Protein chains: 2
Amino acid sequence: MSITIKDVAKQANVSVATVSRILNNLPGYSDETQQRVKKVIEELGYQPNAVARGLINRKTKTIGVLVPNVSDLFASEVLAGIEEQAHEFGYSVMICKTNHDGKRTINYLQALYEKRVDGIIIVSEFITLDYYKTIETNKVPVVLVATESEYPLPFIKVDDYQAAYDATTYLVKKGHADIGMIAGTESDVISTTPRIEGFKDALNNVGITVTKEMITFGDFSFKSGIEGMKNLLKNYPKVRAVFCASDEMAVGALSLLYKKGISVPEEISIIGYDNTATAEKAIPPLTTVAQPLYKMGKDSIQLLLNPTLKINQRYPHHIAERDTVRAYSE
Amino acid sequence: MSITIKDVAKQANVSVATVSRILNNLPGYSDETQQRVKKVIEELGYQPNAVARGLINRKTKTIGVLVPNVSDLFASEVLAGIEEQAHEFGYSVMICKTNHDGKRTINYLQALYEKRVDGIIIVSEFITLDYYKTIETNKVPVVLVATESEYPLPFIKVDDYQAAYDATTYLVKKGHADIGMIAGTESDVISTTPRIEGFKDALNNVGITVTKEMITFGDFSFKSGIEGMKNLLKNYPKVRAVFCASDEMAVGALSLLYKKGISVPEEISIIGYDNTATAEKAIPPLTTVAQPLYKMGKDSIQLLLNPTLKINQRYPHHIAERDTVRAYSE
DNA sequence: TTGAAAGCGCTAACAA
DNA sequence: TTGTTAGCGCTTTCAA
């Protein structure tokens with residue numbers, strides 16, 4: 001049985017109301033009382049019960065985060081930003097690893113609502129009608145990060161189309177013409193479709209027709225990058241540069257090329273996407289499209305807690321130039 | 001104002017007690033009542049208030065995790081295990097990124113206690129007297145992961161001394177004699193000291209005297225791996241194999257060697273520590289000491305929630321053999 | 001400046 | 001099988 005506000009009140013010879021006022025910096029007590037109460041709090045080692053507070057305030061000072069995975073660098077970088085900003089604002093964060101599983105996700109949403117979190121951040125997850133319905137009926141604020149939705153939910157995200165367009169154009173400007181792409185999950189309309197469109201348009205605009213052999217699908221993972229590179233080599237053997245829709249896949253491609261004895265960037269150039277910590281550690285260091293993941297995480301908390309503050313929702317990207325793209329002299 | 005148990009009771013023409021019983025699967029109502037109440041719950045979209053429950057039960061079904069960092073592969077792998085097991089047991093997890101900052105850590109502990117978490121897991125953190133005092137006064141169970149303490153706290157951890165001994169011996173058995181080490185943070189008595197001892201003893205046992213030049217200190221990070229490798233090359237130029245106290249540092253070493261045109265494992269062999277996801281993605285794939293990080297995370301929850309269940313606290317390690325260690329024919 | 005008391009939404013005696 | 005009621009620890013009127 002731990003110390004309650006009553007114990008403090010009794011010990012300090014005041015009412016619980018007064019202790020509460022002091023605890024919450026409300027007016028209504030003398031300096032003398034305050035000192036006495038504070039001393040008692042100290043002596044007793046009293047810790048306010050946030051659960052009781054939450055019940056009455058309807059505020060738990062905690063926010064929930066849904067994320068497909070916590071152990072990949074993309075998600076964990078966003079998570080780090082979320083955690084940091086939440087901490088600065090005095091909030092705690094509950095993580096929910098969805099594994100991209102619909103039932104599990106609904107489950108988590110349910111749990112978060114029952115625990116009365118003050119807000120929810122959803123990272124890299126497609127919003128199904130089911131999700132949206134439960135989001136809508138509970139009036140808890142939601143912010144999407146690295147994803148967006150047909151439903152009216154605020155989001156923070158890079159312009160995938162433009163970023164893919166720029167990455168491809170970067171390759172073209174370096175003198176490349178035989179460019180392939182290892183895309184993400186084929187069914188993923190949020191991140192995969194626009195990146196493919198950007199890729200296609202960038203090439204079309206310089207008069208290159210994109211054929212089926214030039215694009216292969218993966219699932220953003222290292223392994224699928226290996227497979228993707230294999231496919232490209234087989235179906236589009238004259239490929240000299242490839243745009244990968246994630247750093248993980250890019251590193252997979254690097255691995256395969258290494259194993260095959262094909263040198264990067266001398267023989268084949270690679271550009272990735274995300275600029276996670278992997279990129280600079282890759283051999284050779286990976287040129288990639290940089291997304292400000294940490295900042296996106298931080299800002300998502302700001303947006304969540306301060307919805308009037310209209311943070312710009314389309315986030316800037318840029319090319320982080322390292323050593324995997326070869327320039328051809330023109 | 002959301003739906004409460006009272007609303008359900010009224011609507012179903014029963015008392016709140018009955019609704020509560022049904023909600024908690026306690027005996028004491030007819031089938032007919034149950035059906036009626038369940039229907040009302042459904043219709044009203046009633047969601048039990050976990051905060052109110054927590055107040056009365058003194059159980060919040062949430063556990064807190066203190067971790068220095070969430071965006072490195074070591075921590076996030078452990079975290080994934082924690083989250084998974086917590087979810088299976090119906091618990092939520094609050095993450096607290098300490099940044100290895102003492103004040104911040106105490107702060108977090110305080111917040112977790114105020115929020116009345118049911119347990120706390122501390123990952124890779126040295127337990128100061130300060131921490132221990134606040135842990136001790138609050139009677140909330142604590143489990144340490146990948147660290148241990150002079151204070152009586154249960155922990156889950158690999159035997160660092162033995163693992164380092166085995167890694168070094170592995171190198172010796174492959175025919176190496178000129179072996180260096182890139183160790184962790186010099187002041188870190190938990191993970192650095194025993195690994196150095198293991199390294200030294202393994203070499204001493206085969207008649208090799210370890211000199212100062214053979215060991216350099218880093219801080220487990222990629223960058224410090226680069227520096228460490230530089231130092232080794234300078235101070236101990238005949239080095240032909242190096243034992244790195246983390247995969248991150250090993251990958252840093254790989255990077256430097258690549259840049260210098262020194263081939264791995266032909267000229268220099270590298271063995272890492274942790275077997276994080278980096279290891280298999282490295283070029284060449286990294287041979288390393290494997291710790292069961294995910295499982296350690298999972299088991300920490302088991303141990304936390306089931307303290308009688310004496311899980312073995314010293315976890316097994318093994319060498320994950322890949323391509324960075326060259327064998328010399330004898 | 002202070003205190004009494006109601007009540008947040010729920011569970012758990014205790015009674016019926 | 002069911003209901004009444006007293007709290008859990010706190011905040012917040014309202015009155016003094």
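Only a predicted model underlies this, so the values are computations on that prediction, with no experimental measurement involved. Lettering of chains follows the sequences in order, A, B, ..., and the numbering in each one begins at 1.
The aromatic rings of B/Y108 and A/H87 are tilted relative to each other, their planes meeting at an angle between 30° and 60°.
Closest to the A/R58 side chain, of the nucleotides D/dG9, D/dG3, C/dG9, is C/dG9. The side chain of B/Y29 lies closest to D/dT2, out of D/dT2, C/dG7, C/dT11. Here C/dC10 is the nucleotide among C/dG9, C/dC10, D/dC10 with the atom lying nearest to any side-chain atom of B/Y46. Proximity note for A/A52 (side chain, C-beta onward) versus C/dA13, C/dT1, D/dG9: the nearest is D/dG9. Nearest nucleotide to the B/L55 side chain, out of D/dC8, D/dC10, D/dT12: D/dC8. When distances run from any side-chain atom of A/V16 to the nucleotides C/dA12, C/dA5, C/dC8, the shortest one goes to C/dA5. When each of D/dG9, D/dC10, C/dG9 is scored by its nearest atom to the side-chain atoms of A/I5, the top-ranked nucleotide is D/dC10. Minimum atom distance to the side chain of A/N49 is reached by D/dG9, of the listed D/dG9, D/dT12, C/dG9.
The CG atom of A/L26 sits 10 Å away from the P atom of D/dT13 (whole-angstrom rounding). What separates CG of B/N24 from C1' of C/dA13 is a distance of 15 Å, to the nearest Å. One atom, CD of A/E32, and another, P of C/dT1, lie 12 Å apart when rounded to the nearest Å. For the pair B/D7 CG and C/dC10 C1', the computed distance is 13 Å after rounding to whole Å. One can place NZ of B/K59 at 11 Å from P of C/dA12, the figure rounded to the nearest angstrom. The interatomic distance linking A/E114 (CD) with C/dC10 (C1') rounds to 13 Å, in whole Å. Rounded to an integer number of Å, the gap from A/I56 CD1 to D/dT13 C1' is 10 Å. Across the protein-nucleic acid pair, B/R116 atom CZ and D/dC8 atom C1' stand 11 Å apart, rounded to whole Å.
Among the protein residues, B/V14 comes within range of the sugar-phosphate backbone only, with heavy atoms under 4.0 Å from sugar or phosphate atoms but none that close to a base. Nucleic acid contact class of A/S20 (heavy atoms, under 4.0 Å, all strands): base. B/N13 comes within contact range of the sugar-phosphate backbone alone, with a heavy-atom separation under 4.0 Å but no base atom that close. Here B/P48 lies in heavy-atom contact (under 4.0 Å) with sugar-phosphate atoms only.
Considering only side-chain N and O atoms, B/T4 lies nowhere under 4.0 angstrom from the phosphate OP1 or OP2 of C/dC8. In this model, the phosphate group of C/dT1 is not approached by any side-chain N or O of A/T33 to a distance below 4.0 Å at OP1 or OP2. For A/T18, a side-chain nitrogen or oxygen approaches OP1 or OP2 of C/dG3 to under 4.0 Å. Between B/N57 and the phosphate of C/dC10, there is no side-chain N or O to OP1/OP2 separation shorter than 4.0 Å.
Considering only heavy atoms from C-beta on, B/V51 stays 4.5 Å or farther from A/E114 through its side chain. By the 4.5 Å heavy-atom criterion applied to side chains, A/L23 and A/I5 are counted as neighbours.
Donor-acceptor pairing under 3.5 Å, judged by distance alone, is present between the side chain of B/R21 and the base of D/dG3.
Atom CZ of B/F74 and atom OG1 of B/T276 lie 9.5 Å apart (nearest 0.5 Å). Summarising the geometry, atom CD1 belonging to A/I121 is positioned 13.0 Å from atom CD1 belonging to A/I95; distances are rounded to the nearest 0.5 Å.
Checking B/K115 against A/T62 by side-chain atom types alone, no donor-acceptor pair falls below 3.5 Å.
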